[in-house]
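Below is one structure, written out as structure tokens; the observations come after it.
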Amino acid sequence: MEKKSNTKLRIVHKNDYRFLFNLLKERESFMNISHKKMPTFSEHVKFVRSKPYTKWYIIENGKKKVGSIYLSKQDEIGIFIKKNERQKDIGNSALELIMKKNPRERFLANINPKNKKSITFFQKNNFKLIQYTYEINSD
Ligand SMILES: CC(C)(COP(=O)(O)OP(=O)(O)OC[C@H]1O[C@@H](n2cnc3c(N)ncnc32)[C@H](O)[C@@H]1OP(=O)(O)O)[C@@H](O)C(=O)NCCC(=O)NCCS
């Protein structure tokens, strides 16, 4: 059955820097493994401009920006939907779209084990657990 979804992916541009920064503020530390401290706005802009990912998209629902999804150079997918737009099937649609637009033999997702919602989300989308990675750092 075809999904009745209004979800679209659009490549990030300059006008999205503030939206992405605000999205980053919604992120709780447990959600992400690599990003612990909130950057300043200018650090954030520098990061986006550095083209850190193979593809970085804004997720739009109708005309509204509702989140962001990227594909890293190592074929890892990262996704973040605005809090008040979650559980409306947008995550499912965005994940399907990014994989269709960028066919790969396999995709990866790095998920913090404490992020149960996200684990459920990726499992429901047929991602399988392949490894646990441990780290030591000076924080
Ligand atoms: C994880 C996330 C992307 C899911 O997006 P979403 O748009 O809310 O997901 P959907 O509405 O498409 O739901 C997809 C499936 O995930 C599951 N799911 C989503 N939110 C859930 C929740 N709060 N609790 C349990 N399961 C949940 C649902 O069971 C749903 O299954 P279904 O398709 O059988 O109904 C979103 O919650 C989010 O942005 N979280 C914060 C960022 C993050 O943790 N990203 C992951 C690290 S990259």
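The figures here come from the full heavy-atom set of this structure, side chains too, leaving out hydrogens, waters and symmetry mates. Atoms within each ligand, like the ligands themselves, are counted from 1 in listed order.
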So for K88 against ligand 1, with non-hydrogen atoms under 4.0 Å, the contacting part is backbone
Under 4.0 Å from one or more heavy atoms of I81, ligand 1 contributes atoms 3 (C), 5 (O), 7 (O), 38 (C), 39 (O)
For G78, the ligand 1 atoms with a heavy-atom partner under 4.0 Å come out as 48 (S)
Distance col, row R104:CZ vs E76:CD, nearest 0.5 angstrom, shows 12.0 Å
G91 N/O to ligand 1 N/O under 3.5 Å:
yes
For the NZ atom on K55, are there more than 12 heavy atoms of other groups (residues, nucleotides or ligands in this structure) within a distance under 6.0 Å?
yes
query: Is the shortest heavy-atom distance from the side chain of F121 to the side chain of N92 under 4.5 Å?
result: yes
Do any nitrogen or oxygen atoms of F122 lie less than 3.5 angstrom from nitrogen or oxygen atoms of ligand 1?
-> no
CG (L23) and CD1 (I59) are apart, to the nearest 0.5 Å, by 8.5 Å
* Are I130 and L95 connected in a single hydrophobic cluster, I mean Ile/Leu/Val/Met/Phe/Trp/Tyr linked by side-chain heavy atoms less than 4.5 Å apart? -> no
Ligand 1 to N92, heavy atom cutoff 4.0 Å, flagged ligand atoms 12 (O), 14 (C), 15 (C), 33 (O)
Under 3.5 Å between some N or O of ligand 1 and some N or O of D89?
yes
If we number the atoms of ligand 1 from 1 as shown, the ones under 4.0 Å from a heavy atom of I90 are 7 (O), 12 (O)
key: ligand 1 N/O within reach of N125 N/O, cut-off under 3.5 Å   = no
Counting C-beta onward and ignoring hydrogens, is there a side-chain heavy-atom pair between L20 and I58 closer than 4.5 Å? yes
Checklist line | Polar atom proximity, N110 to ligand 1 (N or O, under 3.5 Å) | finding: no
| query | Any N/O of N115 closer than 3.5 Å to an N/O of ligand 1? | reply | yes
If you compare I119, I79, N112 by their heavy atoms, the one closest to atom 48 (S) of ligand 1 turns out to be I79
For R10, the side-chain hydrogen bond (donor to acceptor under 3.5 Å, both in side chains) test, sequence neighbours excluded, returns H13, D16, E60
Measuring only between side-chain heavy atoms, which start at C-beta, is R27 closer than 4.5 Å to L24? yes
Counting heavy atoms under 4.0 Å, the part of K124 that contacts ligand 1 is side chain
- request: Kindly assign one of parallel, tilted or perpendicular to the pair F21 and F41, based on the angle between their ring planes and the thresholds 30° and 60°.
  value: perpendicular
Exercise. Purely on distance, is any nitrogen or oxygen of K117 under 3.5 Å from one on ligand 1?
Worked result: no
Check your understanding: Do the non-hydrogen side-chain atoms of S72 and N110 ever get within less than 4.5 Å of each other?
Key -> no
If we number the atoms of ligand 1 from 1 as shown, the ones under 4.0 Å from a heavy atom of F80 are 39 (O), 41 (C), 42 (C)
